[in-house]
Amino acid sequence: MSTDHPLGARVADIRTLLTEDPQSWDILWKKKVTPWDSGEIQPPLRQVIESGDVPFARGGRALVPGCGRGYDTIYLASALGHDTIGLDASVTAVEAANELVRSESSNPELVSKIQFETADFFKYEVPEDKKFDLIYDYTFFVAIPPSKRVLWGSQINSLIKPGGYLITLMFPQVPPRDPQPYTTGPPFYSNFASYEEVLRAGGSEWEVVLDKIPDDATLHDVHKGKDRIVVWKRGA
């Protein structure tokens with residue numbers, strides 16, 4: 001097992017400031033230690049939504065845990081017409097997301113569909129009639145220590161409605177033959193099996209409707225060879 005992380009020294013920068021307290025993520029944002037923030041949505045998300053390969057509902061509800069500056073939250077509201085909530089443990093991240101909406105969107109109808117909240121995903125609850133048609137996870141799952149990922153799976157199952165979709169952009173994704181090639185994080189290692197195991201725990205039913213390795217030519221350099229996007233549909 002290697003201890004070399006594919007993202008190099010940037011992981012060390014994160015680990016010097018991050019603790020088990022979710023509020024420590026706010027320290028990273030205040031100090032601008034946010035190497036996961038590329039300034040835009042990741043190309044694989046746009047490709048999956050705009051390809052038409054998956055019949056996503058429109059005009060429903062979507063959730064983006066660990067939303068950061070909110071690029072994905074804004075995009076999903078715009079592309080699918082969803083009322084979209086972005087959650088983040090960092091007050092500073094949520095302030096930045098709200099500022100981004102104000103600066104980039106002159107469409108009052110779109111703005112009305114976007115909401116950012118400072119909240120702990122693992123304690124987040126919605127009533128039965130407010131469960132989500134779509135949840136998008138990018139860099140949130142991999143921020144969780146592997147020993148605690150079962151809590152992520154349980155919460156995803158509690159928040160998404162039957163027949164709803166989960167999009168997981170797995171990064172950094174590692175091959176099954178080397179399931180845990182490094183021990184440091186976040187971001188911690190991920191692979192298809194690590195998501196599948198916790199999603200299907202307790203007998204929950206999920207169908208894989210899309211599983212794709214994006215073309216490296218479409219990716220930012222740090223993502224080349226490390227991305228995999230999977231769309232899951234929850235059983236009715």
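Taking CG of Leu17 as the start and NZ of Lys30 as the end, the distance is 13.0 Å to the nearest 0.5 Å. Between atom CD of residue Gln115 and atom CG of residue Asn98 there is a gap of 9.5 Å, rounded to the nearest 0.5 Å. To the nearest 0.5 Å, the span separating CG on Asn191 from CD on Glu197 amounts to 9.5 Å. With rounding to the nearest 0.5 Å, the separation of CG in Leu159 from NZ in Lys131 is 7.5 Å.
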If you look only at distance, which donor and acceptor atoms sit under 3.5 Å apart when one is on a side chain in residues 71-80 and the other is two or more places apart or in another chain?
{"from": "Tyr71", "atom 1": "OH", "to": "Asp37", "atom 2": "OD1", "distance (Å)": "2.7"}
{"from": "Tyr71", "atom 1": "OH", "to": "Asp37", "atom 2": "OD2", "distance (Å)": "3.4"}
{"from": "Tyr71", "atom 1": "OH", "to": "Arg69", "atom 2": "NE", "distance (Å)": "3.2"}
{"from": "Tyr75", "atom 1": "OH", "to": "Glu50", "atom 2": "OE2", "distance (Å)": "3.0"}

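Ring orientation note: the planes of Phe140 and Phe121 are nearly perpendicular, at an angle over 60° on the 30°/60° scale. The aromatic rings of Phe141 and Tyr195 lie parallel to each other, their planes meeting at an angle below 30°, with 60° marking the opposite boundary.
Considering all non-hydrogen atoms of both residues, Gly66 and Asp88 come closest at C-OD2, 3.5 Å. Across all non-hydrogen atoms, the minimal contact from Ala89 to Thr118 is O-CG2, 3.8 Å.
Every pair passing side-chain hydrogen bond (donor to acceptor under 3.5 Å, both in side chains) that includes a residue from residues 157-169 is listed here, sequence neighbours excluded: Asp133-Lys161, Gln155-Ser158, Asn157-Ser204, Asn157-Trp206, Thr168-Trp232.
Applying the ring-ring contact (aromatic ring centres under 6.0 Å, His included) criterion to Phe116, with sequence neighbours excluded, gives no partner residue.
For Glu99, the CD atom counts as loosely surrounded, since its 6.0 Å shell holds 12 or fewer non-hydrogen atoms of other residues, nucleotides or ligands.
Judged by distance alone, with hydrogens and angles left aside, the side-chain atoms of Thr84 form a donor-acceptor pair with the main-chain N or O of His82 at under 3.5 Å.
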